[in-house]
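Residue numbers start at 1 and run along the sequence shown. Values in this document were obtained by computation on a predicted structure and should not be read as measured data.
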Amino acid sequence: MAAGLKTIIALSFVLAIGFLLVILSSALFHSYLTLLVVATYVIAPLPNWICARCANPDDFMESAGSAVIDFGRFATGFLVVMGIALPVLLAHCGLIAVPAMAMSIVGGLLIYGTVVSFGMFFQEEQDF
C-alpha cells in the first residue's frame with residue numbers, strides 16, 4: 001500500500017492538533033511543565049531505531065530473538081508510559097491543573113500515534 005499525499009496531509013493535521021493541545025495545556029493554565037510530554041514522545045521512537053540498527057542485519061533467522069531489539073522495545077514502552085504518567089503525577093502533586101493533565105495526555109497520545117503511523121505508512125519493504 002503506497003502512502004500518498006492525503007496520508008501526509010492527514011498525519012500532519014493530527015500532529016498539529018496534538019502539539020496544539022500540549023501547548024494550550026501549558027499556556028492556558030500558566031504551567032509549562034506539561035511541555036515535558038513533548039520531549040518524551042519525540043524521544044520515544046529513538047530506542048527502537050537505535051537498537052534496530054545495532055542488531056545483526058545479516059541474520060535471516062529471527063526465531064532466536066535479539067536482546068538488543070527487546071531492550072529497544074522496553075525503553076520505548078517506558079518512555080510512552082512516562083509520557084502518560086508524568087502529567088498524572090504532576091496533577092496529583094498539584095503542580096498542574098486536571099484539565100491541563102487531560103489535554104496534555106490526549107495531545108501526547110496524538111503526537112506519538114502520528115509518529116508511529118508515519119513509520120508504518122512509510123516503512124521500506126525489504127526484499128530477500
Side-chain angles (χ1 to χ4, degrees):
M1 179 173 139
L5 186 61
K6 289 182 182 180
T7 306
I8 294 173
I9 292 171
L11 287 174
S12 62
F13 182 71
V14 172
L15 183 67
I17 290 174
F19 276 118
L20 179 71
L21 281 173
V22 173
I23 291 170
L24 282 178
S25 73
S26 62
L28 290 177
F29 298 100
H30 305 293
S31 176
Y32 295 98
L33 291 172
T34 56
L35 290 178
L36 293 173
V37 173
V38 175
T40 59
Y41 282 112
V42 168
I43 294 172
L46 290 179
N48 271 343
W49 180 71
I50 292 170
C51 293
R53 298 289 176 228
C54 292
N56 189 5
D58 297 331
D59 191 17
F60 291 112
M61 302 286 288
E62 291 198 23
S63 62
S66 175
V68 175
I69 293 175
D70 289 340
F71 176 73
R73 290 178 183 159
F74 173 77
T76 298
F78 174 78
L79 288 171
V80 170
V81 170
M82 188 175 80
I84 296 169
L86 186 62
V88 173
L89 178 73
L90 292 173
H92 177 73
C93 293
L95 296 174
I96 64 172
V98 175
M101 173 197 71
M103 290 173 68
S104 178
I105 289 173
V106 171
L109 289 176
L110 286 175
I111 292 168
Y112 187 69
T114 303
V115 170
V116 169
S117 299
F118 183 82
M120 286 176 27
F121 282 122
F122 298 102
Q123 185 177 13
E124 296 178 7
E125 294 184 16
Q126 297 178 356
D127 295 330
F128 289 107

Quick one: do Met120 and Leu109 end up in the same hydrophobic cluster if we chain Ile, Leu, Val, Met, Phe, Trp and Tyr together by side-chain heavy atoms under 4.5 Å apart? yes
Output the distance between atom CZ (Phe13) and atom OG1 (Thr114), rounded to the nearest 0.5 Å. 11.0 Å
Cluster link Leu33 to Met101, ILVMFWY, side chain under 4.5 Å: yes
Are Val14 and Val106 co-members of a hydrophobic cluster defined by side-chain heavy atoms under 4.5 Å apart? yes
Donor-acceptor list for residues 77-99 side chains, cut-off 3.5 Å, not counting sequence neighbours:
none

With a 4.5 Å cut-off on side-chain heavy-atom distances among I, L, V, M, F, W and Y, is there a chain of contacts connecting Val115 to Val22? no
Pairs flagged by side chain to side chain donor-acceptor pair (under 3.5 Å) wherever residues 11-27 is involved - sequence neighbours left out: Ser25-Thr34
Just verifying a value: how many Å separate Leu35 CG and Thr40 OG1, rounded to the nearest 0.5 Å? 11.0 Å
Apart from Val68 itself, residues in the same hydrophobic cluster as defined by side-chain heavy atoms under 4.5 Å: none
Using atom types as modelled, flag every donor-acceptor pair under 3.5 Å from a side chain in residues 44-51 to any protein atom, sequence neighbours excluded.
{"from": "Asn48", "atom 1": "OD1", "to": "Arg73", "atom 2": "N", "distance (Å)": "3.3"}

Counterpart residues, side chain to side chain contact (heavy atoms under 4.5 Å, CB included), relative to Leu20 (two or more places apart): Leu24
Using every non-hydrogen atom in the two residues, find where Ser104 and Val37 come nearest and quote the distance to one decimal. OG-CG2, 3.2 Å
Selection residues 19-45 - residue pairs positive for ring pair (Phe, Tyr, Trp, His ring centres under 6.0 Å), sequence neighbours left out: Tyr41-Tyr112
When you group the ILVMFWY residues by side-chain heavy-atom contacts below 4.5 Å and let the links chain together, are Ile17 and Leu28 in the same group? yes
Could you measure the distance from the CD1 atom of Ile8 to the CZ atom of Phe118? Nearest 0.5 Å is fine. 7.0 Å
List the steps, then state whether side chain to side chain contact (heavy atoms under 4.5 Å, CB included) holds for Leu15 with Ile111. CA-CA 5 Å; Leu15 183 67; Ile111 292 168; 4.1 Å; yes
